[in-house]
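Accompanying notes for the structure given below.
Throughout, numbering of the chain's residues begins at 1 and tracks the sequence.
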Amino acid sequence: MQVLLVEDNVLLAVALQAELEVAGYGVIGPAHSAAQARALANEHDFEVAVIDIDLQDGRTGGTLAKELSHDHSCAVVFATGQTHLAREWCDYAVGVLKKPFNPKTVVRTVEGASEFLSGKTPAWPYQFEKF
């Protein structure tokens with residue numbers, strides 16, 4: 001399964017990418033801005049997008065989630081410390097993974113988002129809030 005990773009914190013992005021790849025996922029990105037994420041999304045197929053709300057180019061994660069969920073029929077998970085902003089965009093995501101979190105938790109979150117796409121009821125990790 002392919003995961004689009006959109007995170008502007010370079011260290012966190014590298015850690016998340018490593019955890020996902022060790023778990024066997026293909027990672028597209030990481031993208032550090034909404035514009036970069038859109039370009040990657042148009043070039044690759046993916047099932048899940050993990051998106052930070054506050055990106056280099058401003059609070060564009062919500063708009064990006066709306067576009068990706070509509071145009072690519074993917075499951076979106078927000079990864080952010082600003083859950084109040086994520087809730088404003090809850091119609092376009094399956095939930096939010098609250099920062100700070102253990103990077104290993106993102107693997108279980110991606111599994112849950114994939115289960116959600118398949119119509120199953122996922123057992124979300126404790127740091128994940130579903131909308």
Listed pairs under 3.5 Å, donor-acceptor, residues 12-21 side chains, sequence neighbours left out:
residue	atom	partner	partner atom	Å
Q17	NE2	E21	OE2	3.1

Work out which heavy atom in [X] is nearest to a heavy atom in [Y]; give both atom names and the distance.
X    : Y   : result
I53  : A86 : CD1-CA, 3.9 Å
V107 : A23 : CG1-CB, 3.6 Å
V6   : A37 : CG2-CB, 3.7 Å

* Taking atom types as modelled, is there a side-chain donor on N102 or T105 under 3.5 Å from an acceptor on the other? ->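 No, T105 and N102 have no side-chain donor paired with an acceptor closer than 3.5 Å.
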* To do: Indicate yes or no: does K99 engage D52 in a salt bridge with an N to O separation below 4.0 Å.
  =>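 Answer for the salt bridge query: yes.
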* **Non-neighbouring partners of E88 that pass side-chain hydrogen bond (donor to acceptor under 3.5 Å, both in side chains), sequence neighbours left out** =>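 So E88 forms no side-chain hydrogen bond (donor to acceptor under 3.5 Å, both in side chains) with any residue.
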* Asked: With sequence neighbours left out, what residues match S69 under side-chain hydrogen bond (donor to acceptor under 3.5 Å, both in side chains)?
  ->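 So S69 forms no side-chain hydrogen bond (donor to acceptor under 3.5 Å, both in side chains) with any residue.
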* Side chain to side chain, I28 and L5, heavy atoms closer than 4.5 Å ->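 No - every pair of side-chain heavy atoms lies 4.5 Å or more apart.
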* Asked: Just wondering, do T80 and L85 contact through their side chains at under 4.5 Å, heavy atoms?
  ->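 No; the side chains remain at least 4.5 Å from each other.
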* Keeping to residues at least two apart or across chains, list the ring pair (Phe, Tyr, Trp, His ring centres under 6.0 Å) pairs with something in residues 15-61. =>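 Qualifying pairs: F46-H72.
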Can you tell me how far the [atom1] atom of [X] sits from the [atom2] atom of [Y], to the nearest 0.5 Å?
X   : Y   : atom1 : atom2 : answer
T63 : W89 : OG1   : CH2   : 3.5 Å
D57 : D8  : CG    : CG    : 8.5 Å
L64 : L4  : CG    : CG    : 7.0 Å
Q2  : L40 : CD    : CG    : 11.5 Å

* Does anything in residues 28-51 pair up under salt bridge (charged side-chain N to carboxylate O under 4.0 Å, His left out), and if so which pairs, sequence neighbours excluded? ->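 Counting only pairs at least two positions apart or across chains, the salt bridge (charged side-chain N to carboxylate O under 4.0 Å, His left out) contacts touching residues 28-51 are R38-E67.
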* Asked: L68 and L117: same hydrophobic cluster, using ILVMFWY side-chain contacts below 4.5 Å?
  ->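 Per the 4.5 Å side-chain linkage, L68 and L117 are not co-clustered.
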* To do: Would you please name every residue forming a salt bridge (charged side-chain N to carboxylate O under 4.0 Å, His left out) with D54, sequence neighbours left out?
  =>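 Residues passing salt bridge (charged side-chain N to carboxylate O under 4.0 Å, His left out) with D54: R59.
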